[in-house]
Amino acid sequence: MSPHESGPAAGQANHPGDALENLSHEDRRFPPSPEFAAQAVATAEDYAEAAADRPAFWARQARELLTWSKDFTQTLDWSNPPFASWFGDGQLNAAYNALDRHVENGLGDRVAIHFEGEPGDTRSYTYAELTREVKKAANAFESLGIRKGDRVAVYLPMIPEAVITLLACARIGAVHSVVFGGFSADALRSRIDDAEAKLVVTSDGTYRRGKPSALKPAVDEALAKEGHNVGSVIVVKRNGEPVEWTEGRDLWWDDTVGTASPEHTAVGHDAEHPLFILYTSGTTGKPKGILHTTGGFLTQAAYTHKAVFDLHPESDVFWCTADVGWVTGHTYVAYAPLINGATQLMYEGTPDSPHQGRWWELIEKYKVSILYTAPTAIRTFMKWGREIPAKYDLGSLRVLGSVGEPINPEAWMWYREVIGGNGGKRQDRTPIVDTWWQTETGAHMIAPLPGVTEAKPGSAQVPLPGIAVDVVDELGESVPNGSGGYLVIREPWPAMLRGIWGDPDRYRDTYWSRFDNMYFAGDGAKKDEDGDVWLLGRVDDVMNVSGHRLSTTEIESALVSHPSVAEAAVVGAADETTGQAVVAFVILRGSAAEDADIVTTLRNHVGKEIGPIAKPKNILVVPELPKTRSGKIMRRLLKDVAEGRDAGDATTLADNTVMTQIAASLRK
Ligand code: WT7
């Protein structure tokens with residue numbers, strides 16, 4: 001389905017945004033309290049300053065928030081779009097900025113990370129301690145032959161070693177490529193191959209809902225077949241479960257990092273030196289390796305973390321609940337909080353282990369003041385009931401963040417009243433910041449500024465200072481207030497992706513060819529009467545399940561790779577809790593329909609090909625798929641079926657009886 005076919009400008013009735021808007025309407029506005037505004041980091045002047053001279057605004061942030069080993073003379077080089085260079089002749093070291101300089105500035109005893117494991121074990125690292133660990137890891141990686149520019153694959157749970165590994169890579173100029181632990185061995189292997197990684201850092205496993213859960217077997221399986229460049233696998237002992245061992249390749253973290261020297265001098269790397277690759281789903285079957293570089297990424301990460309969360313590093317305790325396997329866990333766990341010298345909480349497990357109040361218990365225990373999470377989590381807590389958070393003292397909270405998908409107004413209000421309002425124990429007073437951004441944008445792009453912006457429940461509202469966002473129509477013309485269209489970014493921004501690893505053409509085609517000289521985000525959006533931006537969900541073949549990005553095409557490819565499947569079509573159907581859910585329609589081959597377990601078999605097959613997170617919630621066996629005369633599957637009609645509606649306009653179908661056939665087969 002092309003954006004043309006499915007875009008909001010085309011007036012399609014089943015766009016995800018429509019479901020969102022139908023859910024509720026909330027006209028209340030929440031201006032910042034005078035007390036909050038008086039102490040706020042962000043000011044309204046930031047907008048004016050950035051509007052007057054965008055590069056100068058970012059240059060000021062770069063110099064104020066980061067320490068450069070060599071200052072830059074040129075802020076932005078956009079002479080060869082869409083390839084940008086920010087702070088091009090400057091040099092800096094990301095790990096030095098996150099660690100050493102804070103120790104040198106007398107903050108060595110400040111806690112950098114409070115870690116709480118799912119079973120309840122705890123560890124805290126001061127900045128001095130974390131610096132020492134990162135230096136040891138940097139030495140260990142170097143002793144294994146990892147050099148500047150080499151790629152390191154990271155397949156770890158949410159444990160401090162994940163952050164230590166990322167920063168150790170950054171320190172020596174190695175490029176980390178984190179693969180989320182919920183991805184399968186096959187998915188891990190394809191990412192290892194694409195990046196030509198030389199080292200894998202993993203763990204025996206982790207804990208999930210009170211039970212040990214394994215990771216190392218997936219690494220073993222991924223590396224079983226020859227043809228990769230991985231020479232070493234470092235294994236963190238986390239759950240103590242027995243693991244297979246390949247002599248000469250596998251090394252325990254404690255035996256390598258644990259015994260390495262804690263002395264290591266950080267040298268500056270070029271501002272445009274690659275910092276990391278992170279794979280994300282696109283509209284085709286093959287995930288894209290999104291490339292981020294050092295100076296611009298860190299500048300925008302640090303600025304947004306400070307301004308959007310109103311960070312006061314000397315007193316705040318920041319908790320971003322995202323896994324380090326996603327971009328949110330890169331920017332707002334591994335980098336920004338440490339660059340800004342903040343104290344953060346890191347939690348390994350699920351919100352319902354051992355009980356449904358675990359998060360609130362953690363907030364009370366660590367006096368978390370800034371919470372950053374996803375709407376899907378908030379909706380889950382709503383379902384569990386407000387009496388659960390009400391049992392805890394949430395009085396330390398003062399800013400609440402949301403990310404990953406549009407937040408529906410009810411969830412927004414619940415978040416503000418029940419969580420921000422400390423279970424109703426006080427008047428709600430906690431600003432909510434709904435932050436729109438993407439793996440590709442590297443850091444926040446659209447968000448209210450707490451203390452400045454009057455908040456509207458359900459809207460990310462305004463582009464940040466120094467960010468040029470617009471909503472345009474099919475032809476790329478800016479739409480007037482009150483209208484919808486496609487979200488674009490008109491000017492380069494510091495944390496923008498620098499490309500797709502190894503595929504410059506795909507970078508240009510995917511993001512810069514839909515509209516001239518504009519970055520096309522893949523999202524639909526509208527401007528309200530005030531010109532504030534409301535995000536309406538993806539307009540391409542990308543689904544958003546619990547804030548995780550999944551590609552319909554990738555799951556379809558996984559399904560048809562099974563011998564029993566002749567054809568498959570996947571849609572993201574509206575789901576009350578997860579935002580969208582994966583629903584697959586399959587046509588089976590030959591006798592496969594007689595196999596009573598076929599649906600389970602296919603779900604597991606997708607789990608093996610991509611990962612458990614991609615398993616369809618429903619698989620519907622159908623006799624036909626609705627196709628246009630040119631052979632394109634009309635997912636829009638399938639979405640109607642998946643969401644329990646009568647199928648919409650089917651007049652462009654090659655065979656107009658198909659929808660009746662599907663309906664009849666599903667009734668059976
Ligand atoms: C897509 C990017 C950015 C970190 C997490 C996801 C959707 C993200 C919002 C928001 C509405 C949002 C968009 C975007 N999205 N944040 N606040 N409101 N939609 O990163 O996996 O790269 O996915 O997530 O559709 O394009 P990602």
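The analysis underlying the following values was restricted to heavy atoms, covering all of them including side chains, and did not include hydrogens, waters or symmetry mates. Atoms within each ligand, like the ligands themselves, are counted from 1 in listed order. Note that the structure is predicted; figures quoted are calculated from it, not measured.
Put simply, the side chain of Tyr303 never gets that close to the backbone of Trp58: no donor and acceptor are under 3.5 Å apart.
Salt bridge status for Glu474 with Arg514: present, with a side-chain N to carboxylate O gap under 4.0 Å. A salt bridge links Asp193 to Arg189: one of the charged nitrogens lies within less than 4.0 Å of a carboxylate oxygen.
Screening Val333, Val152, Val154, Leu275 against Leu166 for a side chain to side chain contact (heavy atoms under 4.5 Å, CB included) leaves a single residue, Val154. Test Val452, Asp310, Asp46, Leu449 against Val41 for side chain to side chain contact (heavy atoms under 4.5 Å, CB included) and you get one pass: Asp310.
For atom 1 (C) of ligand 1, the nearest non-hydrogen atom of the protein is Arg538 NH1, 4.1 Å. The protein heavy atom nearest to atom 23 (O) of ligand 1 is Arg549 CD, 3.4 Å. Protein heavy atom at the shortest distance from atom 3 (C) of ligand 1 is Trp437 O, 3.1 Å. Summary of contacts: the protein heavy atom closest to atom 7 (C) of ligand 1 is Gly404 O, 3.3 Å. When only non-hydrogen protein atoms are considered, atom 13 (C) of ligand 1 lies nearest to Asp523 OD2, 2.9 Å.
The proximity of Pro406 to ligand 1, defined as any non-hydrogen pair under 4.0 Å, involves the side chain as well as the backbone. Only the backbone of Glu405 comes within 4.0 Å of ligand 1, counting heavy atoms alone; no side-chain atom from C-beta on gets that close. By the criterion of a heavy-atom distance under 4.0 Å, the backbone of Thr435, and not its side chain, is placed next to ligand 1.
Applying the 4.0 Å criterion to heavy atoms of Val327 picks out, from ligand 1, the atoms 4 (C). Listed by atom number, the atoms of ligand 1 under 4.0 Å from Asp434 heavy atoms are 10 (C), 17 (N).
Taking the six-membered ring where the residue is Trp, Phe520 and Tyr486 present perpendicular rings, their angle passing 60° and hence far from 30°. Taking the six-membered ring where tryptophan is involved, the planes of Phe180 and Trp326 are tilted, since the angle between them lies from 30° to 60°. Ring geometry for Trp319 against Tyr347 counts as perpendicular: the plane angle is over 60°, on a 0 to 90° scale with 30° as the lower cut.
In this structure, Gly522 falls outside the shell of residues with a heavy atom less than 4.0 angstrom from ligand 1.
Among Thr328, Asn544, Val542, Thr439, the residue whose heavy atom lies nearest to atom 20 (O) of ligand 1 is Thr439.
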